[in-house]
Protein chains: 2
Amino acid sequence: MSRQQTPSIRMVAERAGVSIATVSNVINGKASVSPDFALRVRAAIQELGYVTDIAASRLRSGKAALAAVVVPDLTNPMFAAFVSTLEHEARVGGFDLVVVSARNDPDEEADRLASIRAWRPAGLIVIPCDGALATRLPAGLAIPAVVADRIPDHGGFDLVAVDNGPASGAVARHLLEAGMASCLVVGTSLSISNVRERWDGFAAAAGAIDAEMLDVGFERRAAENRLRARLERGRPDALFALDHMTALLAYELVARMGLSIPADLAFASFDEMEWMRLVSPGITAVRQPVEDMAVAAWALLRGRMEGREAPEETRRLECAVSIRGSTLRVPHRRTVRAG
Amino acid sequence: MSRQQTPSIRMVAERAGVSIATVSNVINGKASVSPDFALRVRAAIQELGYVTDIAASRLRSGKAALAAVVVPDLTNPMFAAFVSTLEHEARVGGFDLVVVSARNDPDEEADRLASIRAWRPAGLIVIPCDGALATRLPAGLAIPAVVADRIPDHGGFDLVAVDNGPASGAVARHLLEAGMASCLVVGTSLSISNVRERWDGFAAAAGAIDAEMLDVGFERRAAENRLRARLERGRPDALFALDHMTALLAYELVARMGLSIPADLAFASFDEMEWMRLVSPGITAVRQPVEDMAVAAWALLRGRMEGREAPEETRRLECAVSIRGSTLRVPHRRTVRAG
DNA sequence: TTGTACGCGTTATCAC
DNA sequence: GTGATAACGCGTACAA
């Protein structure tokens, strides 16, 4: 194990027998360099395995080619997909991406947002933990920021989110068609913009359905108790879970209570997960265009980083509803567009 | 939106009426600074929202509180959990973590490994795409590296992985006890160390079970066709999927072929996913200690970064098998330790 | 094509 | 003991 140090531009210059300025020119294709010199420089770079130090480069040039993304939780498949796509988009555009997870903790989010600034990224994409993002964003943030998925209480950002209301409305109409007379809608908290929009959209389209909202909070055990108590008090025709946690929780609880889907209770979820097409019957769920959301977020950020000065923009992406056996009396499959 | 620039240490110094050296000393707690000056500096930092530029800091001090992690695919829940834990460990230790996904593409992995060097991290943690990692690692990598989960063909790294063989053996013994006479073992490719070890461990403990290995490759459609062809040729008592992709694939295929679990075919998976306890019957699966793996990987890397010179170390973590209805004639639950 | 000042923060050296 | 001055790490950019 040779304890060699990482090569610097000086070592490359020395080895190629040229000045460091020439090496820099070859790397960045700036000034015209004679083919002979260019070849020698490239050879030296190869032999030494030289890679430009991004930090030093940025320090002098002032240009960053770096963006950062903060998500509430990397272990949530939706956010993971978001980050994965975003990373790809960024790299295609020649950018590096710093990925950070807040682990569902607003305090940790605040900490991360602060420490990210130490990297001097050129732009920032955030999926906030909750609506109070503005409280946690460093005061005089001098870089462009795009907020995705969840709408913060206070504006001033470009936004990308899915079309929560109409998608929820489509679910309501489907349940209506399927002959459901009552539906219990379950979400963690109406303080989350997504949950609020989804409930509003559902209620607006519910028509003859007797719709009831139950927010169970973020603490798993308490949430389960609340939901169980509600279901023991009287069973609705259908249950509609508005987010990741409540969907998992409700599905498990329903099974443990010995209720059969859809015979005893129809079941739908806003957050579509992989297993929902694997279980039997499959679970009706809203399919969110996560990849599109990442692409749109990157496009918006990129525009800002290139100096676009237009007023803040909000982009809403259309969802589709995957209808499966969990909400059908006679099991069969089809798909409808939302909105 | 004021287009203010990010504050530098100079602005802080000016505002506090001291030299930049004093500001630096206050921040890093180096030389003794009078309480009065320290207070003024801290106030200025607050007011300006100053955050030290990590890059510039590292450039001068030569010390980088930065590590990087490369995983094959962030959308795989196991890798996402690995990264999430790792990030937490790193931050607790005062380190930043650069997270990078290779999106299951060895070329992309090579690209990422190269570009990561531009950040001059102090350490590297890799879950490689395949065994040929060494081919893709920059030649004279001057920083400590830890490889996790998958064992590369060529050594020279600290390693952390789960105890694949014994865990697979435990599954074999369980199937034996459950009265299975034959088992089809399905994996993507024996070129992956995990798959190899798991198959070997299974075969070694299979005893009276007629065990057969089928590697179906990484291309989804072709894999499905191969597995279907094999199952149509004759049905084993049990099917054991050795990795994430084949578990999903096999479970779906079995359902589409109209086979019922466990009546027609018992089903087990090495990769335990969330939905495996949600479906009915639950799926018997090996539970891998992902979080422990991340913690161990960080501990090893940290040691190296602090200068530990001991020979390369391999750490194997014990798994547990969650036994569920998918492998039982009479459904009931229990858990056994592997190894 | 090259010399060199420069960007930022650290640290060794120096003055009070 | 306290604080300032200035050299320095790396790569870039402009003048020479």
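Numbered from 1 within each chain, the chains take letters A, B, ... in sequence-line order.
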Within this structure, what is the CG-to-C1' distance between B:Asn25 and D:dG3, rounded to whole angstrom?
9 Å

Roughly, in whole Å, what's the span from CZ in A:Arg60 to C1' in C:dG3?
14 Å

Answer with base, sugar-phosphate or nothing: what part of the nucleic acid does A:Val33 contact at a heavy-atom distance below 4.0 Å?
sugar-phosphate

Between D:dG11 and A:Asn28, is there an OP1 or OP2 to side-chain N/O distance shorter than 4.0 Å?
no

Is any NZ, NE, NH1 or NH2 atom of the basic residue among B:Arg91 and B:Glu87 found under 4.0 Å from an Asp or Glu carboxylate oxygen of the other?
no

Of the listed nucleotides (C:dT1, C:dG9, D:dC10), which one gets closest to any side-chain atom of A:Phe37?
C:dT1

Should B:Ser34 be listed as having a side-chain N or O under 4.0 Å from OP1 or OP2 of D:dG3?
yes

Heavy atoms from C-beta onward define the side chain here; which of D:dT12, D:dC10, C:dC8 lies closest to that of B:Ala56?
C:dC8

For D:dA4 and B:Ser19 - does any side-chain N or O of the residue sit under 4.0 Å from the phosphate oxygens OP1/OP2?
yes

Using a strict threshold of under 4.0 Å (side-chain N to carboxylate O), is an ion pair present between A:Glu14 and A:Arg10?
no

Do the side chain of A:Ser101 and the main chain of A:Arg103 share a donor and acceptor less than 3.5 angstrom apart?
yes

Measure the angle between the two terminal helix axes of the helix from C:dT1-D:dA16 to C:dC16-D:dG1, five base pairs each, and quote it to 10°.
50°

Residues A:Glu313, A:Arg315: salt bridge by 4.0 Å N-O rule
yes

Need to verify one output field. Residue with the more 5' nearest nucleotide on DNA chain D, B:Val18 or A:Met11?
B:Val18

Regarding B:Asp53 and A:Trp119, do their side chains bring together a donor and an acceptor under 3.5 Å, going by distance alone?
no

When rounded to the nearest 0.5 angstrom, what is the spacing between CG in A:Asn194 and CD1 in A:Ile151?
7.0 Å

Starting at CZ of B:Arg58 and ending at C1' of C:dT10, how long is that distance when rounded to a whole Å?
13 Å

Within the structure, does a side-chain N or O atom of A:Thr22 lie under 4.0 Å from either OP1 or OP2 of C:dT2?
yes

Whole-Å distance between C:dT4 P and A:Ile9 CD1?
17 Å

Return the value, rounded to whole Å, for the distance between atom CZ of B:Arg117 and atom P of D:dC10.
15 Å

Examine C:dG9: is either OP1 or OP2 under 4.0 Å from a nitrogen or oxygen in the side chain of B:Ser57? Give yes or no.
no

Measure the distance from CG on A:Asp53 to C1' on C:dC8 and round it to the nearest whole Å.
13 Å

Under 4.0 angstrom between B:Ser24 side-chain N/O and C:dG9 OP1 or OP2
no

Can you check the A:Leu59 CG to D:dG11 P distance for me, whole Å?
11 Å

Between atom CZ in B:Arg120 and atom P in D:dG9, what is the gap in whole Å?
15 Å

Can you tell me how far the CG atom of A:Leu97 sits from the CD atom of A:Glu89, to the nearest 0.5 Å?
11.0 Å

Side-chain donor-acceptor pair under 3.5 Å between A:Thr75 and A:Asp73, yes or no?
yes

